Amino acid sequence: MTEQQNNTTPKQVGIGLVGFGTVGTGVWETIKKNRALISGRSNNLFSVNIIKAAVRDISKKRIEDAPTELFTTDWNEVVNDPAVDIVVELIGGTTTAFDIVAAALKLGKTVVTGNKALLAERGAELFSLSQNHGSAIHFEAAVAGGIPIIKAVQDSYVGNDILSMTGIINGTSNYILERMFDAGLAYPDALQEAQDLGYAESDPTLDVNGWDAAHKAILLAVLAYGSVIDPKDVYVRGIERVTRTDINFAKSLGYNVKLLSVVLKHKDGQIELRTQPSFIPTKHILSSVNGVFNAVAVNGDASGEALFYGRGAGKEPTASSVVADIVDAAHTIASKAPHRGFLPYSDDTKIKPINDTSTPYYVRFDVTDKPGVIADIAQILATDGVGISGTHSPVDPENPDKEFVDMVFLLHTCTFGKLKATLKKVRALDSVNSDPVVFRIENI
Ligand code: HSE
């Protein structure tokens, strides 16, 4: 026995799971497989044991070596069990999950959750309970699955002002966009493929409407800047309306299309926080993030840039993050140290109004091809001071006299508010047939 080893009996830390589906099973298996590693790395200070699990259907066989008495259909039995020190919420949603987490916090118990929607939508109430009852909330699994980005932002960047975090943090959207870009699939077919492969949820709404990524971006910003953020202040667009037409234009212009979440600290202290499908140069490293993988580029004022890349979802990667939180919390409990769950430490995060944010843009107009149409559009852009960096309008060799054509303008950086006002004037032209399609071109 070395001097470093702990001679006392390990403290038995009781874990209660609410939800024992894919991730719950992964947590059980990971703890079982790596128990000795976890104990050794924790100096044998404690032992973590899953002692209770709430499930919807008790008759469903989940795991061979889980005893029947482990399971209950009543989450109250998990939360109120005096031997349960850590409640792991794995059911998702923002209603029952809220009740479970709130009940546990009020009892002074530690909560581990991967529920990004719950914390992004109702974080103010839950962090206040955490503060008032001295109980911790840990949520490594809530952002980017198996990538340890929460601990990195919370702990490893503690000595940095975080200047930006730019990420691809929804694997389902990333898979769909990749298939549209690489295989030329239409959006519905790519979505169907993602569902058939089990990537998209059976209800993929939050994946494709951008909110799953936006919730994660909100949590990153909450950690980096210290105050709870109202989701209503955040700009979110999903991938549902991305078409092959724009993907093909992007490709021909040297860009890829990615659902990008951007967290950017401006010099005036305001935080730009937005999620939308954006054009990024194909040579940029984020363009190579394919399939259901996630990546977050973090830029700290001291550290400089770092890229976190890995599996953003799935049984084992998500379980890895849940287990990391369980072990962190167990360490606190066994050593009677102050907890290390996140608590807000500021109340002055100001989100920059989306109309004040600036990037270059790709804009596609559907126009009637008659003499002067380009000049008319260019005249409005020039009068409003919106610079053009390029134009593009492919000719169909089989029908060079086509009446309706796509007219693409690449525009210099201007505010989103100015762009919208100018495009409204362009839309009023007789030769412009529908609302223009706009993508930001990201300066990353
Ligand atoms: N459904 C998410 C994704 C994972 O596709 O990335 C959980 O947030």
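As the structure is a prediction and not an experimental result, all values here were calculated from the model. Any value given below was found using the heavy atoms of this structure, including those in side chains, with hydrogens, waters and symmetry copies removed. Positions are given from 1 along the sequence. In listed order, ligands and their atoms are each counted from 1.
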Check: Got the residues with a heavy atom under 4.0 Å of ligand 1, by chain and number?
Finding: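 Residues near ligand 1: Lys116, Asn170, Gly171, Thr172, Glu201, Asp207, Asp212, Lys216, Ala313.
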
Next item on the list: Give a yes or no on whether a salt bridge exists between Glu125 and Arg122, defined as a side-chain N under 4.0 angstrom from a carboxylate O.
Entry: yes

Next item on the list: Flag the pair Lys350 and Glu272 as a salt bridge only when some basic side-chain nitrogen lies within less than 4.0 angstrom of an acidic carboxylate oxygen.
Entry: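 So Lys350 does not pair with Glu272 through a salt bridge.
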
Notebook entry, point to check: Centres of the Tyr362 and Tyr255 rings: under 6.0 Å?
Noted result: no

Next item on the list: Any chance you could measure Asn115, atom CG, to Glu121, atom CD, to the nearest 0.5 Å?
Entry: 10.0 Å

Next item on the list: Given side-chain contact (heavy atoms from CB on, under 4.5 Å), test Thr359 with Ile441 step by step and report yes or no.
Entry: CA-CA 6 Å; Thr359 54; Ile441 300 174; 6.0 Å; no

Item checked: Closest contact, heavy atoms only, Phe279 versus Val257 ->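 Of all heavy-atom pairs spanning Phe279 and Val257, the closest is CE1-CG2, 3.8 Å.
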
